[in-house]
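Note sheet for the following structure.
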Amino acid sequence: MASWLDLISEAQGWTLVDTGRLEKLVEGMSHPHSQYPSLILFAGNASRIKALQALFPRNNITRRGPAGFTRLHLSTETAESEQPLLFAEGSLLRHSGLGGSSLCRWPTEKLRRYPIFHGRTSSLRDIKEHVISKLLLPWTQVLCFFVNVAADVQKVYQVLDIPRGKIKFGSQLVPNSLRVIMVLTRKDERESDDTTLDHSIKRLKEDLKLQIITVDLRGRHLLSPTAAFEPLRREVLSQIQITQREKTDQGFAFSAQHLCTLWNRTIKQINTSLENLTIDCLKIARENHQLNLVSRNHIEVFLNEAANSGCEVDDIYVFIASAFLLNAYPPSMHHIVFKELYEQELLEAWSKQAMSMSRSACRSVLAHLNTLFNEMSPTKPSAIVRKRVATGFFQRYGGLYSTNSCFICLCRAPEHMMACRHTICDICVVIFGMPSRSAEYHYDLKHCPLCNNDVKITIQLLPPTKGPLILSLDGGGIRGIIQLGLLRSLERRLGGGITIPHIFDLCAGTSVGGLNIMDFIFNKSSAGQSFHKFPELARKIFGSPGTSQELSALSIAKCALWIKYFTGFLADGWYDGNELDNVLQEELGLSRRIFDFGTTPSTGSRVAVITSRISDGKACVLANYRGMGLRDIESAYEFLIPETQAHNPFLWEAFFKAKKLPGFGSFQDGGVRANNPLAIALKESAIIWPNAGKHDLIVSIGTGSTADGVVSETNCKSAIRDSAVPRLIRAFMASPSMDGEQGFFEALNFVPDHMRADIHRLDHVLPAHLPRLDDVSKLTELSKLSFSVSDNLMDQIPLLKQGSFICQGSILCKGPRPRSVIRQLIEELPGARFQVAQGIDLGPIDEDHGCYECGYYRKKVSITVNSLEERFIIEIASSGAGQRIGGFPKSAKELLHDQQVDSHFGRPDHAIIAWPRQRACFCLRGTRRVVQFADPPSIIKKRRRCI
């Protein structure tokens, strides 16, 4: 079936039908990513069929089937060439029989329907002419009109007189390359008066001011078809070669794969506007590359460092050009992308260095960019070229470091620091790292891409189909042991040596919650180890005179407490600050900084510690990451980013004692402003993983609470107790800023209802009043409590067959010890199975799906859905009950998009699009020699045709 487009009448009006014919033909090409097709449109009278049979003898032009008003073919003779020919044909000048093809009776997975909303008129003739002019002609290189009477010329005029749809590349309009060929034929073999026809064509050229080529075949009707249409063949090929050369020179030659994507986006726009249809190819090509836009701020940071190091100007040009090499896309359009996306950013950054040099600097960078692109080849990608340039640059000039910019790409903020103190972002980790043998979505970096020094680190990234797991820990002084008890219970439930860093992707903590997180992530302590050493640490911090152990009499205790409040208020500190710093330095290290190579965990866990600014009390965040997305300028909290490494705070500076941080100002414990950091963690998660959409799981853990109704009320009304200051103090202590429970519910108010099921609050209810934050005498009692966690926390391309899609994929485990997780799951849930929520069985959960050597786990599953948009849930079922696994519900379309299967213009990390992905375990096996081909062979067998 060659039918491509048709207009059908429905109750709400006219609908354009696209059968997906273009996609089918592109998929049948031998290597569509490197083939650059041209589209020829044959329209007019019946002579076009004879011409097509003569020009394309190996194509079956006359085969029957539902027609539509446009049919599409791929020239069999050029199908495997670098420049294949696509030709469309239809009786565009007549409207009889339009919509009679009933294309919807042959539904396919590619057939799409688009209601047409036409503002000017709803007549069929005008709609069809606008569809041709606005939708079809912008992508057509050669338009052949077959006419034999003057009336046909008038219809041609009506089509060509309509302003065509616009194709642009950013702000630059793509030049019109349409060539119009008027093919003159005879209505029959008898002689007729051609004067009127010739005069009409002459007026057409004058009125439209178009370069219209006339091919007169009226005197060749007695020749054989091949001989009769030979002049047309020569003219069509000549015009195709001209347009292809022009597009290549201008940088607007689209591959078949790109052309198909751009066409699909074009046709979708008719739903909103048929009158003013404009396609921005740059915008479409960069949809998956929003994080790859070069930033002026990052360029400024590099230029300042380079200027301070005395770098030669030309070396700076080459270094910046090689960074752009990682981002300019598509490669054949790198100079256009440079002018549209990078030039202005570079001008503004350079203007701060030398105003008069900025224009010449941009020209020099572009010249080097062109040279580097010519250096690239299938065996020498942009990453290799960039690494060569960067390594040579740093060998000449030594160390240029930044904690706020990834010097590898000059696009993004860094997420990790390497041992050489150069920083790297997540996307560059994928480009320059190698998939680790330790676990899924772990990448090994053996050498720094900038200086080539040994670094040997493993970095874990968030899988694309998985949302982040977030841990939020309240502040609470000595009651932090309750928090540790709950986390220890969680680790015990998981078993297999799995610790908190293996579970959560983002950990946010305030005060003692932040201290516990740092012990987990940076000291690599388990929750059980932290639980056992916490009492001694708390006694060192809070064990000052004035505790209940030393004040035996109640009256003396109250008196001493008030004196302590007063003296602490005057001294701006309750405890010995030096002793407090010594304890924290001993626990966290004297020289370890917040953002450092020692704080880049292989588990990929991000750490955010909440502090508070003394001047205005605003909550602030100290973190071991920078975040991929953008933060709001006006926000309820401030993310602290040091300008230099010297201003990068030490770990021990983030807690308790009011102190001045160089480059930031004075800060105090974050518990006075955001004792529950859940709201901040939610916002930071969206910044770190802007493409994740939503979280998979959030666990907020408190430091103890009292049972409902336990309120200390007295019958006596004291004038002092009910005065303004005590009332304000009580209100402040019960506010969301100080009360972790209230902070949790306040944060929950801003979470959509459909996301709340994945948010859990863990806390331990105490029978009496909560102990004071510094009451170390209660540590023994609190450590003997019984802690437990809720059971709720244990948590290929689709094929169309008989109207349904068969989705084949795998259930994987992102952690480094997946087999331990499976064993623990089997032990707690005997007979556990994977199933779809509707009760469809996906097979048992056992250890037979993977490798016993390295622990790799992969459970292959197959799910049938009625459409790609249908959402489904995969869950773990046991004894009739089911618990969904992370990330669901999702549709097959969402899963494909998350894994960037539809990234036809390339992935931001430059990974090769190969689908379905071949996965295997991480055991080292014998390797074969890999042979690379610049021109991939055809993967589809062609049916031999008889000529």
Side-chain angles (χ1 to χ4, degrees), residues 2 4 21-42 51-52 54-59 61 70-89 136-144 167 169 174-181 213 215 229-264 266 279 281 285 329-336 373-374 376-378 904-906 933-940 942 945:
W4 183 21
R21 173 70 175 172
L22 178 60
E23 288 185 56
K24 184 177 180 181
L25 292 179
V26 169
E27 290 173 358
M29 293 181 183
S30 56
H31 43 287
H33 61 281
S34 58
Q35 291 177 283
Y36 297 86
S38 296
L39 177 62
I40 314 169
L41 178 57
F42 293 87
L52 290 172
L55 297 179
F56 305 100
R58 296 190 179 184
N59 287 85
I61 305 299
T70 307
R71 290 159 291 280
L72 185 66
H73 307 264
L74 171 64
S75 170
T76 305
E77 295 178 338
T78 64
E80 298 188 17
S81 66
E82 183 181 358
Q83 297 177 338
L85 296 180
L86 291 166
F87 60 95
E89 53 93 7
L136 203 54
L137 293 188
W139 300 108
T140 302
Q141 278 72 56
V142 176
L143 172 61
C144 295
I167 300 176
F169 203 88
V174 177
N176 180 23
S177 62
L178 179 66
R179 300 294 196 276
V180 180
I181 300 177
I213 303 165
V215 176
F229 292 101
E230 177 61 21
L232 176 61
R233 186 188 69 83
R234 290 197 304 266
E235 191 61 47
V236 168
L237 292 180
S238 175
Q239 297 303 321
I240 284 294
Q241 291 175 0
I242 293 174
T243 58
Q244 287 175 338
R245 185 165 55 251
E246 287 178 353
K247 286 187 172 294
T248 301
D249 294 341
Q250 296 165 354
F252 294 115
F254 294 107
S255 70
Q257 191 178 61
H258 294 165
L259 178 65
C260 185
T261 301
L262 293 170
W263 165 259
N264 288 336
T266 303
I279 295 298
C281 301
Y329 192 85
S332 61
M333 305 176 185
H334 59 275
H335 59 286
I336 304 175
F373 262 101
N374 293 332
M376 292 172 55
S377 68
H904 301 300
F905 283 88
F933 296 93
D935 191 3
S938 174
I939 59 173
I940 299 180
K942 302 292 182 181
R945 300 181 183 272

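This chain uses plain numbering: 1 for the first residue, then up along the sequence. Fair warning: this is a prediction, and the values are worked out from it, not measured in the lab.
Among all heavy-atom pairs drawn from Ala253 and Thr248, the shortest one is CB-OG1, 4.1 Å. Residues Gln250 and His335 share a closest heavy-atom pair of O-NE2, 3.8 Å. Pairing each heavy atom of His31 with each of Ser34, the nearest pair is CD2-OG, 2.7 Å. The two residues Thr140 and Leu178 have their closest heavy-atom pair at O-CD1, 3.4 Å. The shortest heavy-atom contact between Lys247 and Val174 is NZ-CG1, 4.4 Å. The two residues Leu74 and Asn59 come nearest to each other via the heavy atoms O-ND2, 2.8 Å.
Put simply, the side chain of Trp263 does not reach to within 4.5 Å of the side chain of Val26, judged on heavy atoms. Side-chain atoms of Leu55 and Phe42, non-hydrogen and from C-beta on, do get closer than 4.5 Å to each other. You'll find the side chain of His258 stays beyond 4.5 Å of the side chain of Thr261, heavy atoms only. Counting heavy atoms from C-beta on, the side chains of Gln244 and Asp249 never come closer than 4.5 Å. With contacts defined as side-chain heavy-atom distances shorter than 4.5 Å, the pair Gln35/Ser255 does not qualify. For the pair Pro37/Leu259, a side-chain contact is recorded, criterion being any heavy-atom separation below 4.5 Å from C-beta on. A 4.5 Å side-chain heavy-atom check between Cys281 and Leu262 finds at least one atom pair inside the cut-off. Within the 4.5 Å cutoff, side-chain heavy atoms of His73 are placed close to those of Glu89.
Shown here is Glu82, whose CD atom has no more than 12 heavy atoms of other residues, nucleotides or ligands within 6.0 Å.
Checked for salt-bridge contact, Arg179 and Glu235 miss the test: no charged N lies under 4.0 Å from a carboxylate O. The pair Lys24-Glu27 does not meet the salt-bridge criterion, since no charged nitrogen lies less than 4.0 angstrom from a carboxylate oxygen.
Taking CG from Leu143 and CD from Gln239, the interatomic distance works out to 12.0 Å, rounded to the nearest 0.5 Å. For the atom pair Thr78 OG1 and Leu85 CG, the distance stands at 4.0 Å (nearest 0.5 Å). Between the CD1 atom in Ile40 and the OG atom in Ser75 there is a gap of 8.0 Å [rounded to 0.5 Å]. Annotation: the span from Thr76 atom OG1 to Arg58 atom CZ amounts to 8.0 Å, rounded to 0.5 Å. With rounding to the nearest 0.5 angstrom, the OG1 atom of Thr70 is 12.5 Å from the CZ atom of Arg21. Annotation: the span from Ser38 atom OG to Gln141 atom CD amounts to 4.5 Å, rounded to 0.5 Å.
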Audit row: Val142, Leu41, side chain to side chain contact (heavy atoms under 4.5 Å, CB included) steps and yes/no: CA-CA 6 Å; Val142 176; Leu41 178 57; over 6 Å; no

Test log, rule side chain to side chain contact (heavy atoms under 4.5 Å, CB included), inputs Leu136 and Trp4: CA-CA 11 Å; Leu136 203 54; Trp4 183 21; 3.6 Å; yes

Derivation and outcome, side chain to side chain contact (heavy atoms under 4.5 Å, CB included), residues Cys144 and Val236: CA-CA 9 Å; Cys144 295; Val236 168; 3.9 Å; yes

Test log, rule side chain to side chain contact (heavy atoms under 4.5 Å, CB included), inputs Leu72 and Leu39: CA-CA 9 Å; Leu72 185 66; Leu39 177 62; 3.9 Å; yes

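In this structure, the side chain to side chain donor-acceptor pair (under 3.5 Å) partners of Thr266, at least two apart in sequence or on a different chain, are Trp139.
Taking the six-membered ring wherever Trp is involved, the centroid distance between the rings of Tyr36 and Phe254 does not fall below 6.0 Å.
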